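Have a look at the structure below, then the notes.
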Amino acid sequence: MKILTNSNKKIYIQTWGCQMNEYDTELVRAILEKANYTFVKSELEADIVMLNTCAIRENAHRKIYGRIHNIHHQRNGNPVMIGILGCMATNLRTDLLENRNLKIDFIAGPDSYKRLPQLIDECTRDKIRKAYDLTLSEFETYSDIYPSRKSGVNAWIAVMRGCNNFCTFCVVPYTRGRERSRSVENIVTEVKKLTSDGFKQVTLLGQNVNSYRHDEADFATLIEEVSKVDGIERIRFTSPHPKDFPQRLLQAIADNSKACKHIHLPLQSGNDRVLDMMNRTYTRKEFFDLVDRIRKLYPAMAMTTDIIVGFPTETDAEFEDTIKVMREVEFDSAFIFKYSERKGTIAEKKFPDDVAEAIKTERIVRLNEIQKAISLKKNRTHIGETHSVLIEEESTERSKHDFQGRTDGNKVVIFPAGKYKKNDFINVRITDATVNVLKGTPVN
Ligand code: 5AD
Ligand code: SF4
């Protein structure tokens with residue numbers, strides 16, 4: 001029997017969540033383009049719609065379920081194949097597979113993207129209601145696939161995947177499996193290729209990026225080797241864990257002119273009892289020591305953080321401890337989240353979600369206000385300085401005659417558009433600052 005092939009079909013893919021998911025979408029594109037599928041910009045033109053989902057915070061599944069319904073509704077009875085990819089695929093596997101009201105055709109977990117062409121064929125050919133592969137691998141890194149990237153200024157590159165930390169609130173170890181790293185050679189080869197595609201900045205990605213390890217090479221080695229690639233001017237990385245910053249790594253970041261002077265340091269809470277319940281493996285004192293070590297080596301290092309408010313049993317006094325740390329460290333910016341119970345996590349099994357929603361809201365509003373004042377104060381210290389800016393795009397903040405780019409410390413800078421173009425470096429003298437951006441004028 002002749003096997004039906006789907007490869008002349010058109011695909012639309014929508015992505016939620018973190019940068020790793022954005023990157024995975026580029027991998028999915030590469031895998032399916034090789035199998036002769038084409039990607040289109042509108043779901044209305046597509047034969048297949050893929051949703052690359054995130055499970056990390058609240059409401060994710062409701063949004064996706066609503067989205068599936070909405071896609072079918074828009075098609076007005078015209079058939080469309082729907083595939084669920086990403087972290088929600090693994091996190092909600094039972095419901096996705098067994099819920100008959102959910103009109104989806106295939107499901108692929110984060111380590112199964114190479115099987116997508118087969119999954120699509122399976123659900124067409126064999127009329128299997130839901131074709132799926134949710135196996136998590138100890139080895140899959142997609143190191144043999146060159147992602148289909150949109151041309152731009154920054155290229156993401158996953159250097160490791162998975163997480164072994166099991167923070168009690170976090171679903172990632174369950175949805176993405178254990179840590180595994182690509183070899184330095186393989187990464188460097190890809191970075192060289194990136195430069196020939198015109199990228200000047202690379203962001204090294206991993207769920208726990210600074211625990212990168214391949215044979216003898218650690219994350220410091222990786223940064224050094226990537227920085228030797230001609231044409232790469234800036235190296236960023238995300239997301240690290242505070243526990244994995246040996247002095248050798250901090251020194252490598254401080255000394256290497258291509259390593260951007262910005263470190264994201266997810267604090268989560270400023271209270272030792274809560275940190276322990278979260279299984280973060282550091283104390284408030286150890287976190288302060290790390291911040292001190294960083295500032296001793298490089299006083300101007302930009303630092304940002306993630307905070308969770310309303311973790312189970314968090315008291316007012318314990319929340320105040322978080323405020324104290326935020327005031328003392330003065331992060332350049334912070335992502336602040338209300339705790340939301342995630343299915344399958346240790347916290348879900350062991351700690352009732354007992355902080356009232358109204359209290360969570362109060363705490364997030366208060367912390368956001370405090371952080372806004374700190375961000376503004378920090379941003380204003382840059383007024384009068386001149387920064388090298390890598391131009392990203394026309395500004396979304398002001399008129400079309402402005403451009404925006406980022407400083408080495410990852411701050412957005414808006415300046416009047418001149419003869420410059422995207423992907424150029426220019427020096428900008430900072431003349432003004434708001435909570436979220438710097439404003440300035442180009443100088444020679
Ligand atoms: N509830 C709230 N925030 C969470 N994060 C991860 N899991 C949860 C959760 N269950 C936040 C953490 C993490 C960031 C990526 O998302 O702050 O650093
Ligand atoms: Fe989740 Fe913690 Fe791993 Fe980050 S380090 S991905 S928060 S388990």
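Given the structure is predicted, the values throughout are model-derived calculations rather than measurements. Both ligands and their constituent atoms are indexed starting at 1 by order of listing.
In this structure, N164 contributes its side chain and R178 its backbone to no donor-acceptor pair below 3.5 Å. A donor-acceptor contact shorter than 3.5 Å is absent between the side chain of E392 and the backbone of Q404. Not a single donor-acceptor pair under 3.5 Å links the side chain of Q371 to the backbone N or O of A373. With hydrogens and angles ignored, the 3.5 Å screen pairs a side-chain donor or acceptor of R182 with a backbone N or O of A158.
Contact shell of ligand 1 (protein heavy atoms, cutoff 4.0 Å): I56, R57, F169, Q268, D306, I308, F337, K338, Y339, S340, R342.
Considering only heavy atoms from C-beta on, L249 comes within 4.5 Å of P246 through its side chain.
The only member of N21, T15, I13 that meets side chain to side chain contact (heavy atoms under 4.5 Å, CB included) when paired with L85 is I13.
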After noting the C-alpha distance and the side-chain angles of F166 and Y174, does the key distance pass the ring pair (Phe, Tyr, Trp, His ring centres under 6.0 Å) rule? CA-CA 9 Å; F166 291 93; Y174 309 95; 5.4 Å; yes
Derivation and outcome, salt bridge (charged side-chain N to carboxylate O under 4.0 Å, His left out), residues R67 and E43: CA-CA 12 Å; R67 186 75 180 92; E43 65 196 73; 2.6 Å; yes
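By the neighbour-count criterion of 12 heavy atoms within 6.0 Å, atom CZ of F335 is sparsely surrounded, having that number or fewer from other residues, nucleotides or ligands.
Excluding waters, the count of protein N/O/S atoms less than 2.8 Å from atom 2 (Fe) of ligand 2 comes to 1.
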